[in-house]
Amino acid sequence: MPLPAHLTLHQGELHFEGVSLERLAREHGTPLFVYSKAAILQALAAYQRGLAGRQQLICYAMKANSSLAILQTLVRAGCGLDIVSGGELERALTAGCAPERIIFSGVGKTRAEMRRALEVGIGCFNVESRAELDVLDEVARALGQRARVSIRVNPDVDPKTHPYISTGLKGNKFGIAHGEVLQTYRHAAACAGLEVVGIDCHIGSQITETAPYLDAMDRVLDLVAAIEATGIRLHHVDFGGGLGIDYNGDAPPAADALWPQLLAKLDARGYGDRTVMIEPGRSLVGNAGVCLTEVLYTKPGEHKNFLIVDAAMNDLPRPAMYQAFHRIEPVRPRGGDAPVWDVVGPVCESGDWIGRDRALAVQPGDLLAVLSAGAYCMSMASNYNTRGRAAEVLVDGDDATVIRQREGAADQMRLETLLG
Ligand code: LLP
């Protein structure tokens with residue numbers, strides 16, 4: 001199977017761009033996340049081509065990977081940011097994102113988060129319920145402001161992905177139900193503290209088919225027509241994120257193939273003049289990252305052979321949480337026997353596995369690269385078992401920069417207090 005972009009086997013050893021992964025692991029230790037700047041920019045360029053010639057704003061959904069240097073990379077290349085918490089807002093500002101290019105998504109924004117976002121002047125709140133609209137109205141009026149809002153609609157289409165990451169179906173907690181959209185818009189338009197500017201949807205994540213997007217676009221445009229018939233003008237249509245990546249032979253549409261099809265629908269319905277916004281996360285960074293881990297022990301058994309590595313579910317939570325598949329490749333492939341292993345971490349849980357039934361020729365001390373680890377790995381990492389979070393390196397050509405140091409035990413205990 002081909003390797004993700006900018007990851008190559010060079011002189012018998014995996015490299016990201018011009019940098020040897022073995023060298024990075026020896027210098028900085030493992031587990032270690034390594035990202036390729038070129039791969040991130042290449043993924044972004046596909047969206048930029050797909051939306052070329054439009055009034056558009058690509059707001060990177062920073063929950064996928066919120067490390068400051070990753071945000072800087074995308075912001076400097078022209079992205080705005082999609083945030084979901086006050087913490088993400090502070091990261092976005094620290095990374096140099098212009099406040100008006102920040103949009104605030106999520107079902108549970110607190111008053112304090114709303115206030116801070118209004119004070120710094122973010123571009124738009126993506127509102128998910130009538131109750132949230134009322135609170136935002138109140139907070140904005142107290143500040144003597146009008147909050148720009150978009151209402152997240154639930155188009156009720158099946159994105160055909162894992163149930164935990166599908167969000168546009170009737171049974172989900174997300175968005176305003178199709179049937180309640182009009183009355184919610186009318187209500188918002190009547191609130192003195194709100195300025196209605198757009199409509200948004202997000203149907204799920206790791207979507208690998210085109211049809212759910214086309215269906216959702218049709219349903220959203222039906223709503224745009226109905227909303228505008230009431231005299232409310234929508235300046236932007238935000239289509240969310242969700243485009244999948246190739247984890248294991250998956251074949252999602254390319255962003256520059258998908259978007260022209262969606263834009264054609266917009267044009268056909270007479271909305272080609274609206275600003276198009278999107279919130280991609282995984283598809284910008286997922287395949288631009290790997291996690292390097294060292295084989296600690298081999299533990300052959302009667303029923304299963306276990307390969308115990310130094311990365312665990314606290315570093316790579318996706319297999320434990322979603323039974324997700326990540327390819328695992330030796331950093332320096334060796335010949336010989338390749339027994340079948342379950343690759344597991346040191347955490348004291350049976351759910352702490354990284355890959356199951358993988359044929360690998362390895363010995364203790366060897367390095368493995370867990371692929372497609374740029375999205376929803378570091379940003380979901382925890383300190384379970386008081387394991388420090390991994391270090392991160394960004395590769396750019398032949399250069400490698402440590403963008404986050406490894407977390408130590410003292411870092412983890414810093415905010416705690418011993419009893420006297
Ligand atoms: N916009 C909204 C409103 C979202 O909820 C999300 C992701 C995105 C954009 C970005 O979606 P993306 O382009 O990354 O698919 N932790 C899970 C994925 C959770 C996605 C949550 N929402 C995983 O590891 O698969």
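Every number for a ligand or one of its atoms is a count from 1 in the order of the listing. Bear in mind that the values here come from a model prediction, so they are computed numbers and not experimental data.
Below 4.0 Å from some heavy atom of K63 lie the following atoms of ligand 1, by number and element: 2 (C), 4 (C), 5 (O), 6 (C), 7 (C), 8 (C), 21 (C), 22 (N). Counting atoms of ligand 1 from 1 in the listed order, those under 4.0 Å from a heavy atom of G242 are 11 (O), 12 (P), 13 (O), 15 (O). Every atom of ligand 1 is numbered from 1 in the order shown, and the set under 4.0 Å from a heavy atom of D82 is 1 (N), 9 (C). Of all the atoms in ligand 1, the ones that sit under 4.0 Å from a non-hydrogen atom of G241 are 9 (C), 13 (O).
Every residue two or more places apart in sequence or in another chain that forms a side-chain contact (heavy atoms from CB on, under 4.5 Å) with R233 is listed here: E228, H235, D273, R274. For D366, the side-chain contact (heavy atoms from CB on, under 4.5 Å) partners two or more places apart in sequence, or in a different chain, are V295, R334, V362, Q363.
Within the 4.0 Å heavy-atom criterion, neither part of M321 lies near ligand 1. With a heavy-atom cut-off of 4.0 Å, A61 touches ligand 1 through its side chain alone.
Residues E90 and R116 are paired through a salt bridge, judged by an N-O separation under 4.0 Å between the basic side chain and the carboxylate.
With values rounded to the nearest 0.5 angstrom, L32 atom CG is found 12.0 Å from R404 atom CZ.
Here atom 11 (O) of ligand 1 lies nearest to H202 when heavy atoms of R282, M62, M380, H202 are compared. The closest heavy-atom contact to atom 3 (C) of ligand 1, among the options E279, E128, Q206, comes from E279.
With no hydrogens or angles considered, a side-chain donor-acceptor pair links D200 and S150 at under 3.5 Å. Side-chain contact of R387 with N314: a donor-acceptor pair under 3.5 Å is present, judged by distance alone. Between S205 and Y376, the side chains place no donor N or O within less than 3.5 Å of an acceptor N or O (distance only, hydrogens not considered).
Considering backbone and side-chain N/O of S105, none are found under 3.5 Å from N/O of ligand 1.
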